[in-house]
Amino acid sequence: MDINLIGFDITLGRKKPENIINEGNACPFCDRDHLTDIIATDGDMILLKNKYNVLENADQFVLIEGRDCHADMPDYTLEHMHRLIRFGTAHWLRLLASKQYQAVVFFKNYGPMSGGTLRHPHMQIIGFHQMDEQLMFRPTDFEGLTIHETSDVIFNISTCPRIGFGEFNIVPKNNGPLDTIADYIQISVDYIMHHFHRRCHSYNIFFYDDHGVLRVKILPRFATSPLFIGYNIHLRPNNLEDMVANVQKIYFKKK
């Protein structure tokens, strides 16, 4: 079978808390005194086992990014953003190296179209006991028009998007510095949420292990195209060059 397929516990999934749509609902991540199964902390950041392990044959973990329920990556200081990416990737790579799982994924959902259920900024790590890691991405997913480049890392916009409409890629050369990767993630999220499209309120971040080299993809999220859902047809917008120029003007040429 050339797809990855995994069971989802519907009964447990119905019990998951939600406060993105129903904003008046309580936030479990704010109630720190009652958090359980904490694995590690770094300042206000907490890594813990996911209380709602809805995926079969997998172990799910949550990384709470901080105390502020209404903040997000564009609001973080550079120091906090750097510490967050170091903290998250360290535990993701630790699980990869443990050999307990066939695949381990590290990602973030944010906003009503992202697939997330809680507003409080957080990331997730999932270890899959049975999963074909080779089916999770293609090398072409990270090809794109260069926006900015250092001696260690390329920041581009995808010309072979997974879905479409402005996907940013961070492509280190060998293993680039995590702080530079964190800076590019923060810029991508800020652009998506504040400059990309007035109706964009959601995004995803995905981390990939490509033969020991880190890759990152940041996607704005809208209602997914039926062409992609039904026929796996990917959409490439015709204004990529304009987007490159706009990101450069906002974040790089003024420096």
Side-chain angles (χ1 to χ4, degrees), residues 45 65-66 68 70-89 106-111 113-114 121 123 137-208 210 213-222 225 234-255:
M45 297 179 292
E65 297 178 20
D68 191 343
H70 297 286
D72 192 33
M73 287 180 171
D75 308 311
Y76 298 163
T77 64
L78 286 179
E79 178 189 4
H80 185 80
M81 189 68 196
H82 293 171
R83 285 175 50 228
L84 171 64
I85 298 305
R86 290 192 212 123
F87 183 62
T89 54
F106 178 33
F107 65 100
K108 176 171 180 172
N109 303 325
Y110 185 90
M113 304 302 294
S114 69
M123 307 176 84
F137 67 91
R138 305 161 302 169
T140 54
D141 291 344
F142 305 102
E143 295 178 358
L145 303 179
T146 298
I147 298 170
H148 195 256
E149 183 175 356
T150 69
S151 59
D152 302 298
V153 187
I154 297 172
F155 176 40
N156 70 34
I157 190 164
S158 184
T159 50
C160 297
R162 291 181 65 89
I163 299 176
F165 300 110
E167 299 181 4
F168 294 101
N169 299 317
I170 300 169
V171 187
K173 307 167 187 176
N174 297 315
N175 274 312
L178 285 177
D179 288 353
T180 302
I181 292 170
D183 292 341
Y184 285 145
I185 292 173
Q186 189 174 43
I187 286 169
S188 301
V189 172
D190 185 73
Y191 183 78
I192 287 169
M193 298 298 285
H194 298 123
H195 303 283
F196 177 63
H197 193 290
R198 62 182 178 84
R199 291 179 295 181
C200 185
H201 305 292
S202 305
Y203 66 87
N204 291 118
I205 302 173
F206 300 108
F207 294 76
Y208 304 86
D210 185 8
V213 179
L214 177 67
R215 301 277 186 263
V216 186
K217 183 175 281 287
I218 306 98
L219 297 81
R221 291 299 306 276
F222 301 96
S225 164
H234 303 233
L235 301 178
R236 181 173 59 202
N238 64 359
N239 65 337
L240 292 181
E241 292 84 0
D242 293 339
M243 291 180 63
V244 168
N246 197 24
V247 176
Q248 290 172 337
K249 178 181 178 180
I250 295 171
Y251 299 101
F252 298 108
K253 289 194 175 179
K254 64 183 179 183
K255 296 183 181 180

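Just so we're clear, the structure is a prediction, and the values are computed from it rather than from any experiment.
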Minimum side-chain heavy-atom gap [X]-[Y] below 4.5 Å:
X    : Y    : result
P121 : H70  : no
R221 : Y110 : no
Y203 : K108 : yes
P161 : L235 : no
D75  : H80  : no
E65  : Y76  : yes
N204 : N109 : yes
I218 : I170 : yes

Assign the ring pair H148 / F252 to parallel, tilted or perpendicular, where the plane angle (0 to 90°) is split at 30° and 60°.
parallel
Shortest non-hydrogen contact from [X] toward [Y]:
X    : Y    : result
S158 : N169 : CB-ND2, 3.4 Å
P74  : H194 : CB-CE1, 3.9 Å
D72  : V189 : OD2-CG1, 4.0 Å
F165 : P220 : O-CG, 3.1 Å
C200 : I192 : SG-CG2, 3.6 Å

Could you give the distance from [atom1] ([X]) to [atom2] ([Y]), rounded to the nearest 0.5 Å?
X    : Y    : atom1 : atom2 : result
Q248 : K253 : CD    : NZ    : 5.5 Å
S188 : I205 : OG    : CD1   : 8.0 Å
K217 : I185 : NZ    : CD1   : 13.0 Å
L178 : I85  : CG    : CD1   : 8.0 Å

My understanding is that only residues two or more places apart in sequence, or in another chain, count here; which of them pass side-chain hydrogen bond (donor to acceptor under 3.5 Å, both in side chains) with R83?
D42
Please identify each residue that fulfils side-chain hydrogen bond (donor to acceptor under 3.5 Å, both in side chains) with Y208, with sequence neighbours left out.
none
Among residues at least two apart in sequence or on other chains, which ones pass ring pair (Phe, Tyr, Trp, His ring centres under 6.0 Å) with H234?
F228
Hits for ring pair (Phe, Tyr, Trp, His ring centres under 6.0 Å) against F155, two or more places apart or cross-chain, chain-then-number order -> F168, Y184
Test: salt bridge (Lys or Arg N to Asp or Glu O under 4.0 Å). Region: residues 177-195. Which pairs qualify, not counting sequence neighbours?
R86-D179
Pairwise salt bridge (Lys or Arg N to Asp or Glu O under 4.0 Å) hits with a residue in residues 138-158, at least two apart:
R138-D141, D141-R162, E149-K173
Pair F137 and F142, ring centroids less than 6.0 Å apart
yes
Taking R215 for the side chain and P172 for the main chain, is one N or O donor matched with an acceptor at less than 3.5 Å?
yes
